[in-house]
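Heads up: the structure comes next, in structure tokens.
Every chain is numbered from 1 and lettered A, B, ... according to where its sequence line falls, protein lines coming before strand lines.
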Amino acid sequence: DQQVKQNSPSLSVQEGRISILNCDYTNSMFDYFLWYKKYPAEGPTFLISISSIKDKNEDGRFTVFLNKSAKHLSLHIVPSQPGDSAVYFCADSRRSSARQLTFGSGTQLTVLP
Amino acid sequence: NAGVMQNPRHLVRRRGQEARLRCSPMKGHSHVYWYRQLPEEGLKFMVYLQKENIIDESGMPKERFSAEFPKEGPSILRIQQVVRGDSAAYFCASSRDNSYEQYFGPGTRLTVT
């Protein structure tokens, strides 16, 4: 029973345009959602997070939106750059489960020059 | 570089041998998490440790796998009598004071032949 789902395994976007990565969840008992970026042969790099009491968080080119009624969150990257090409994971964090992260399966973003 | 360090980066073992994976957390971090990523999948939580204590090992296989985080030295993930299905990337993450933000190391890629 996958609690965090990323239904799009891949996404291609033109440089300069917006990239939208999506994530759905089933368990509403989370404290934070986090987005990580991962390059091949490297560990995940923390990008941005959002608290369960917020519906938006912004950091530079990255904005995360949380829609609790739809149990959906999305990561917007504007403008997209070739260096953004990587696998993006969403993950939830719950105090009740010792802060272990539950990851989605990832979305491969390719930004075309 | 004060990031999370893992070694070795690559490890090849024959079936039946033991694998030892090491993780040194970021300076000032006393919480360590281990995750495993199988091919084409997201990261899966294995175990959460603080110095000298296992806090949550709900993601660890019941047999052959063990973890420790001694008072001095790195955290160790130990896999005894490895099998081909243990081939994966093993990531260590650390956090400060059970913060929801976890910072990942580069991973150890274990190949069992």
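Minimum heavy-atom separation, L101(A) to Y35(B): N-OH, 2.9 Å.
Identified by a heavy-atom distance below 4.5 Å to chain B, the contributing residues of residues 33-67 of chain A are L34(A), Y36(A), K38(A), A41(A), E42(A), G43(A), P44(A), F46(A), S49(A), in residue-number order.
Residues Y88(A) and L112(A) do not share a hydrophobic cluster, clusters being chains of Ile/Leu/Val/Met/Phe/Trp/Tyr side chains in contact below 4.5 Å. If you chain together hydrophobic residues whose side chains sit under 4.5 Å apart, M46(B) and I54(B) fall into the same group. Under the 4.5 Å side-chain contact rule for hydrophobic residues, F45(B) and L77(B) do not share a cluster. Criterion: ILVMFWY side-chain heavy atoms under 4.5 Å apart, direct or through other members. Under it, L49(B) and F91(B) are not part of a common hydrophobic cluster. In the hydrophobic cluster analysis, where Ile, Leu, Val, Met, Phe, Trp and Tyr join through side-chain heavy atoms closer than 4.5 angstrom, I79(B) is grouped together with L11(B).
Looking at heavy atoms from C-beta onward, S93(A) lies out of side-chain contact with Q102(B) at the 4.5 angstrom threshold. At least one side-chain heavy atom of R99(A) sits less than 4.5 Å from a side-chain heavy atom of Y33(B).
W34(B) meets the side chain to side chain donor-acceptor pair (under 3.5 Å) test with S75(B); sequence neighbours excluded. The salt bridge (Lys or Arg N to Asp or Glu O under 4.0 Å) search around R22(B) returns none, not counting sequence neighbours. With sequence neighbours left out, R9(B) forms a salt bridge (Lys or Arg N to Asp or Glu O under 4.0 Å) with no residue at all.
Heavy-atom distances place no part of Q6(B) under 4.5 Å from chain A, backbone and side chain included.
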